[in-house]
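Every chain is numbered from 1, with letters handed out A, B, ... down the list of sequences. From a predicted model like this one, the values you see are computed outputs, not experimental measurements.
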There are 4 protein chains.
Amino acid sequence: MRADAQRNQEKLLAAAAEVFAGAGVDAPIRQIAAKAGMGVGTIYRHFPTRSDLVVAVFHHQIEECAQAGPRLLAETDSPFAALHRWTDLFVDLLVTKHGLAQALQSDSSRFAPLHAYFLDRLLPVATQLLDAAAEADEIQPGTHPYALLRGIGNLCIGHDDDPRYDPRRLIALLLQGLRRPALT
Amino acid sequence: MRADAQRNQEKLLAAAAEVFAGAGVDAPIRQIAAKAGMGVGTIYRHFPTRSDLVVAVFHHQIEECAQAGPRLLAETDSPFAALHRWTDLFVDLLVTKHGLAQALQSDSSRFAPLHAYFLDRLLPVATQLLDAAAEADEIQPGTHPYALLRGIGNLCIGHDDDPRYDPRRLIALLLQGLRRPALT
Amino acid sequence: MRADAQRNQEKLLAAAAEVFAGAGVDAPIRQIAAKAGMGVGTIYRHFPTRSDLVVAVFHHQIEECAQAGPRLLAETDSPFAALHRWTDLFVDLLVTKHGLAQALQSDSSRFAPLHAYFLDRLLPVATQLLDAAAEADEIQPGTHPYALLRGIGNLCIGHDDDPRYDPRRLIALLLQGLRRPALT
Amino acid sequence: MRADAQRNQEKLLAAAAEVFAGAGVDAPIRQIAAKAGMGVGTIYRHFPTRSDLVVAVFHHQIEECAQAGPRLLAETDSPFAALHRWTDLFVDLLVTKHGLAQALQSDSSRFAPLHAYFLDRLLPVATQLLDAAAEADEIQPGTHPYALLRGIGNLCIGHDDDPRYDPRRLIALLLQGLRRPALT
DNA sequence: TATGAATGAGGCTTCATTCAT
DNA sequence: CATGAATGAAGCCTCATTCAT
């Protein structure tokens, strides 16, 4: 029976992820319930607020991304390179799980738990990477990790609306701008 | 009556701007009508679709911003400096008129006229500035003006949610990243 | 100046007739005003209620139809033939002035003045024709003129929706059914 | 729950039938919801469009009427008599379920499903009856069953507005007019 | 425990009608 | 007088959320 419940949870999370990607994180609950093959009541039982569901949906991905930070830092001699590669993973997270970027930028009161979880896990990672790069004198200091996360998150919005818009390129420019020596 | 109507229009646009700033461009029409002290019908008469109203609200600002581009370019010897100062004005537009950034990022089908107007006016300006800077060899070529506009627009989202997030600093870094010589 | 007013009135009535034909007698007043090139206030001034306007629009046609009855009766030896030809004119009125049939069947409280005027003018004519035919022993007695008018009116509804539906043929059958000797 | 829902459905259909009869098929959904003692959402859940509701309300009656046709034809030697009795049932349907006649006459785009269902069930019946009567040489051929249905439907409009108007008598005359031998 | 039926608040939009100019 | 701007009631419809089964 536990296995059943497990299976159901996964079906729900998969359905929610799909719907969030297709219709945004404000998609009707009924739509998710329908795709998951269950009643809306079941969803409300497990995830009383929409934010709870969103957190659950993005939990794994955020976790993986968080864990990649220290690993990348250990794997290379250049903290800046590690930072760069980590932002790539972060962007993957945001553009693959369409809906996450939207949820993160959304009116802060809604999705507050998602914000909290997101920052709780990723802010230390970004801090570590930035600090390491600054200590190695590869970048100028003074950029708040929060600003970096949020900036990258914002740049990922609408990533597939128009071929002229390539968030990775802009992010690369942003990181380039961090490098020393600063050009006037 | 013309004078009255004129006054009303202005009251409406002011109210809409205020409401858009406070509650986003999806705020209920009723709320705007209430703030403007008029019936909803009056708004629908002048602006049949929400997008029409949004365009009207942002029209002046966009216009001013567009006209500033060539002027700045003429005023300085460094096209890059002109570009930088123009992006400052552009950011002013986006952060002052809170709601514009949101509207620009919003699902393209809604607010299509706003998108069209926005690009119609500002894309040529951004193109001119980028081209001039590239020709002066101050920046590397290859950045699409559309990407720049949209990237800056995205970076301005949520500009006042958190003091740690300063879009101007990120944009400065982005522009810095455009400069020659490119650092690896 | 009187001539001007006259011209305006006619323009209004023509516009109303056209709109009634195209969009029914419940068409928005603004639509009529727009087609007539005048403000809605002007229409309200001359025709305080919608019914007043409808009456005015159909006045001429109803009048002509009413006057044709006695003339047809005088022109022929067969009152039944006169009746038949008169119903043809009546049907012309209803199918040409699309909207009249609709208005006549419409919820009796609205358009009451139209009903009143319509019956005031046409009921005596229908009565005269039916009585003459009955007295000439061409039709069986006992059919109320009101029922005949209304029945024909109803049969004209939707006259152009479907080629399979031909009100004139049905009306011919109805009149045929009135003839003597009655077949069981 | 199934039992409850069933009961609710019936309450809704009864309320809708009553409201349609009293206020026409364009009556506000809220009014129906109020009379049924439920929220508007419940109605929209079961009947997404107004037409769906109208079809459901008239479904049983139309079905019974359709089934009566062949039975009447089998019960008598005179196809014309069967036709006459069937039109009586048809008129019962239209005058009892006030609102059906209105809906059938209404602008074809709305209530299209009702039109379709109505014709799908009743046109074959009318065809069979007319054909049988024509083959028995009791009526003249050449009347389209669609025209007959629609004509009778139209004649039933406003059946209770005025005591002078008796649709059954007019319909009897219409059928009489179909009989052989045709009188000039 | 899962379900999905029911509720009803809330946003949208259209016009009939009034009335200031 | 003519105008048409403004009002706001009224209908529509969509979900978020609750709760009986």
Side-chain angles (χ1 to χ4, degrees), chain A residues 1-2 4-5 8-9 12 23 26-34 36-50 53 110, chain B residues 1-9 11-12 23 26-34 36-50, chain C residues 1 4-5 8-9 12 23 26-34 36-50 53 110, chain D residues 1-9 11-12 23 26-34 36-50 110:
Chain A
M1 203 56 174
R2 180 61 54 88
D4 256 38
N8 254 322
Q9 279 281 50
L12 168 55
D26 289 320
I29 293 286
R30 301 190 64 102
Q31 193 176 334
I32 299 169
M38 60 183 61
V40 292
T42 310
I43 297 182
Y44 274 98
R45 163 174 302 273
H46 294 308
F47 304 100
T49 76
R50 179 177 291 265
L53 179 56
R110 311 168 54 221
Chain B
M1 197 65 173
R2 181 61 57 85
D4 252 41
Q6 180 75 21
R7 208 109 23 86
N8 247 314
Q9 281 275 29
K11 214 165 49 168
L12 167 55
D26 289 320
I29 293 287
R30 280 228 237 251
Q31 191 177 334
I32 299 170
M38 59 182 62
V40 292
T42 308
I43 297 182
Y44 279 102
R45 157 184 294 274
H46 295 304
F47 305 102
T49 75
R50 179 178 293 267
Chain C
M1 203 55 176
D4 257 35
N8 255 321
Q9 280 280 48
L12 167 56
D26 289 321
I29 292 285
R30 302 189 64 101
Q31 194 175 335
I32 299 168
M38 60 181 62
V40 292
T42 311
I43 296 182
Y44 275 97
R45 163 174 303 275
H46 294 307
F47 304 99
T49 76
R50 179 176 292 265
L53 178 57
R110 312 167 55 221
Chain D
M1 200 65 171
R2 183 61 55 86
D4 253 40
Q6 180 75 19
R7 209 108 23 87
N8 248 315
Q9 281 276 30
K11 214 165 51 168
L12 167 56
D26 289 319
I29 292 286
R30 279 227 237 252
Q31 191 177 336
I32 298 169
M38 61 182 61
V40 294
T42 307
I43 297 182
Y44 279 103
R45 157 185 292 275
H46 296 304
F47 305 102
T49 74
R50 180 177 292 267
R110 311 169 53 222

Notebook entry, point to check: Is the phosphate of E:dA6, meaning OP1 or OP2, less than 4.0 Å from a side-chain N or O of D:His46?
Noted result: yes
Margin query: Measuring from the side chain of B:Ile29 (C-beta onward, heavy atoms only), which nucleotide among E:dC12, E:dA16, F:dA2 has the closest atom?
Written below: E:dC12
Item checked: Euclidean distance, atom CD1 of residue A:Ile32 to atom P of F:dA16 [Å, nearest integer] -> 9 Å
Checklist line | From CG (A:Asn8) to NE2 (A:His46), nearest 0.5 Å | finding: 7.0 Å
Check: Would a 4.5 Å heavy-atom cut-off, applied to side chains only, mark D:Arg110 and D:Thr49 as touching?
Finding: no
Checklist line | Pair assignment for F:dA20, Watson-Crick or G-U wobble, requiring both distances under 3.5 Å | finding: E:dT3
Notebook entry, point to check: Between A:Leu53 (CG) and F:dA16 (P), how many Å, whole number?
Noted result: 12 Å
Next item on the list: Would you kindly give the CG-to-C1' distance between A:Leu12 and E:dT3, to the nearest whole Å?
Entry: 14 Å
Check: Atom CD1 of D:Ile43 to atom P of E:dG8: distance rounded to whole Å?
Finding: 13 Å
Next item on the list: For C:Val40 and for D:Gly37, find the nucleotide of DNA chain E with the closest heavy atom, then tell me which residue's nucleotide is more 5'.
Entry: D:Gly37
Notebook entry, point to check: Roughly how far apart are B:Phe47 CZ and B:Ile29 CD1, rounded to 0.5 Å?
Noted result: 10.5 Å
Check: F:dT3 C1' sits how many Å from B:Arg45 CZ, rounded?
Finding: 11 Å
Notebook entry, point to check: Under 4.0 Å between a side-chain N/O of D:Asn8 and OP1 or OP2 of E:dA5, yes or no?
Noted result: no
Checklist line | First encountered from the 5' end of DNA chain F, between C:Met38 and B:Gly41 | finding: C:Met38
Margin query: Which is more 5' along DNA chain E, the nucleotide nearest D:Gln9 or the one nearest C:Pro28? Just name the residue.
Written below: D:Gln9
Checklist line | Whole-Å distance separating the CZ atom of A:Arg50 from the P atom of F:dT18 | finding: 14 Å
Checklist line | Between P of F:dA16 and CZ of A:Phe47, the distance in whole Å | finding: 16 Å
Check: Is any side-chain nitrogen or oxygen of C:Arg30 closer than 4.0 Å to OP1 or OP2 of E:dA16?
Finding: no
Note to self: Could you walk me through whether C:Leu53 and C:Ile32 satisfy the side chain to side chain contact (heavy atoms under 4.5 Å, CB included) test, starting with their C-alpha distance in whole Å, then the side-chain angles of each, then the deciding distance to 0.1 Å, before giving a yes or no?
What the structure shows: CA-CA 11 Å; C:Leu53 178 57; C:Ile32 299 168; 4.1 Å; yes
Item checked: Non-hydrogen atoms of A:Met38 and A:Leu12 that approach each other most closely -> CE-CB, 4.0 Å
Next item on the list: With DNA chain F as reference, determine whether A:Pro48 or B:Thr42 sits nearer its 5' end, using the nearest nucleotide of each.
Entry: B:Thr42
Next item on the list: Figure out the OH/P separation between C:Tyr44 and F:dT7, and round it to whole Å.
Entry: 17 Å
